[in-house]
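What follows is one structure encoded as structure tokens, with my remarks underneath.
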Amino acid sequence: MEINETLSQYSDLLYTTTVAIYVLALLFTLFEQAFGAKGRLAAERSRQRVLVGAGGPESSSIEDGDAPVEPEAPRAVGRAERIGRMGAALLVLGALLQLSAIVLRGFAVHRAPWGNMYEYGMAVTFITVVAWLVVIKKFPVRHLTGFLLLPVVILMFVNGTMLYTVAAPVVPALQSYWLVIHVSAAIIGSGVFLVPGVASVLYLFRTAHDRDPAKFARFGPKLPAADVLDRIAYRATIVAFPIFTFGVLCGAVWAEAAWGRFWGWDPKETVAFIAWVIYAAYLHSRATAGWRGKRAAVINIVGFAATIFNLFFVNLVTVGLHSYAGVS
């Protein structure tokens with residue numbers, strides 16, 4: 001069928017707008033991360049001084065030389081929180097625009113909109129943002145959104161510049177209903193895996209601060225407790241792993257139908273299998289008492305690195321049966 005160039009252009013415009021909105025949301029959430037903790041500390045000091053003035057039990061913890069309460073402190077807390085909420089609202093708006101860009105791309109090409117690297121990357125980053133919106137709904141970690149948005153914005157920028165592909169029909173090898181089943185499962189699994197990867201990195205920073213508070217005095221206290229970050233990483237991995245496993249199995253079935261074999265150690269197949277083994281090892285280590293904590297987080301980060309490696313290096317550098325997913 002003929003490509004609808006008008007819808008394709010609208011999709012590209014929405015994609016560019018989404019990147020701009022994510023950048024703005026990134027700045028807002030970084031502001032909350034930088035000043036929100038200071039505001040909360042100021043509010044706590046104000047509360048303690050009120051108790052001192054009332055003869056409360058915490059009067060002994062306040063030094064006589066403390067300065068009077070500044071009236072701006074409560075407003076500073078509110079300002080940082082309001083800006084953080086604005087960042088979260090922008091994140092939702094960006095996700096809606098990105099979804100619209102994906103849908104319009106699909107209507108423009110009359111197929112599932114993940115037939116090349118550009119479309120695949122657009123869908124993966126969308127799933128990552130949606131997964132993070134679910135996380136901040138369940139955990140009080142909205143102020144960490146900047147750490148998640150930073151890799152998302154970088155991936156989207158690279159995707160929209162170096163990996164951009166004009167709207168076009170897919171090659172005959174991809175003209176199958178397995179494109180919807182196999183690739184969509186891979187997209188969801190890979191997109192969700194970015195969340196535990198970031199959470200595990202932050203977990204290592206938090207535990208490092210707990211061991212040596214002076215070394216990470218400015219950054220560590222602003223992070224949630226280590227067990228909160230550990231739960232986020234673990235639960236997100238539990239969600240992503242079976243979906244990713246389903247995608248790998250569907251890929252094997254599709255390979256048998258298309259190429260006459262279930263497995264051929266193609267570069268992308270091989271790295272996907274390695275990533276699967278790493279995440280399986282993470283879940284096993286996380287469930288084993290002796291391997292919880294730092295070592296499990298390191299395994300999760302290695303799996304995150306393997307996912308990014310498979311997304312970019314394998315598709316763009318190596319040559320294999322999945323080379324059609326590269327840049328045209």
Open item on the list: Using the rule given for side-chain contact (heavy atoms from CB on, under 4.5 Å), can you reason through Met122 versus Asn159, listing the C-alpha separation, both sets of side-chain angles and the distance that settles it, and then say yes or no?
Closed with: CA-CA 7 Å; Met122 179 164 52; Asn159 190 59; 4.2 Å; yes

Open item on the list: Pair Tyr118, Tyr15 - check side-chain contact (heavy atoms from CB on, under 4.5 Å), show working.
Closed with: CA-CA 11 Å; Tyr118 168 70; Tyr15 182 89; 3.5 Å; yes

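Taking the six-membered ring wherever Trp is involved, the centroid distance between the rings of Tyr279 and Phe244 does not fall below 6.0 Å.
Side-chain atoms of Trp114 and Ser184 include no donor-acceptor pair closer than 3.5 Å. If you check the side chains of Asp12 and Tyr164, you find a donor sitting under 3.5 Å from an acceptor.
We find the CG-CD distance between Asn4 and Gln9 to be 9.5 Å, quoted to the nearest 0.5 Å. Atom CG of Leu229 and atom OG1 of Thr207 lie 9.0 Å apart (nearest 0.5 Å). Separating the CD1 atom in Ile278 from the CH2 atom in Trp276 is a distance of 12.0 Å, to the nearest 0.5 Å. Atoms OG1 and CG, from Thr18 and Leu13 in turn, are 9.0 Å apart once rounded to the nearest 0.5 Å. Atom OG1 of Thr125 is separated from atom CE of Met156 by 4.5 Å, given to the nearest 0.5 angstrom. To the nearest 0.5 angstrom, Glu32 atom CD is 9.0 Å from Leu144 atom CG.
Phe35 and Phe31 have tilted rings, their planes meeting at an angle from 30° to 60° on a 0 to 90° scale.
Put simply, the side chain of Ile187 reaches to within 4.5 Å of the side chain of Val183, judged on heavy atoms. Phe304 has its side chain out of reach of Ser200: every pair of non-hydrogen atoms, C-beta onward, lies at least 4.5 Å apart.
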Mind listing the side-chain donor-acceptor pairs of residues 83-97 below 3.5 Å, one per line with the distance, residues two or more places apart or on another chain?
{"residue": "Arg85", "atom": "NE", "partner": "Glu81", "partner atom": "OE2", "Å": "3.4"}
{"residue": "Arg85", "atom": "NH2", "partner": "Glu81", "partner atom": "OE2", "Å": "2.5"}

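At least one donor-acceptor pair closer than 3.5 Å links the side chain of His143 to the backbone N or O of Lys222.
Scanning all heavy atoms of the two residues, the minimum distance from Arg105 to Ser11 falls at CB-OG, 3.5 Å. Of all the heavy atoms in Leu204 and Ala297, the pair that sits closest is CD2-CB, 4.0 Å.
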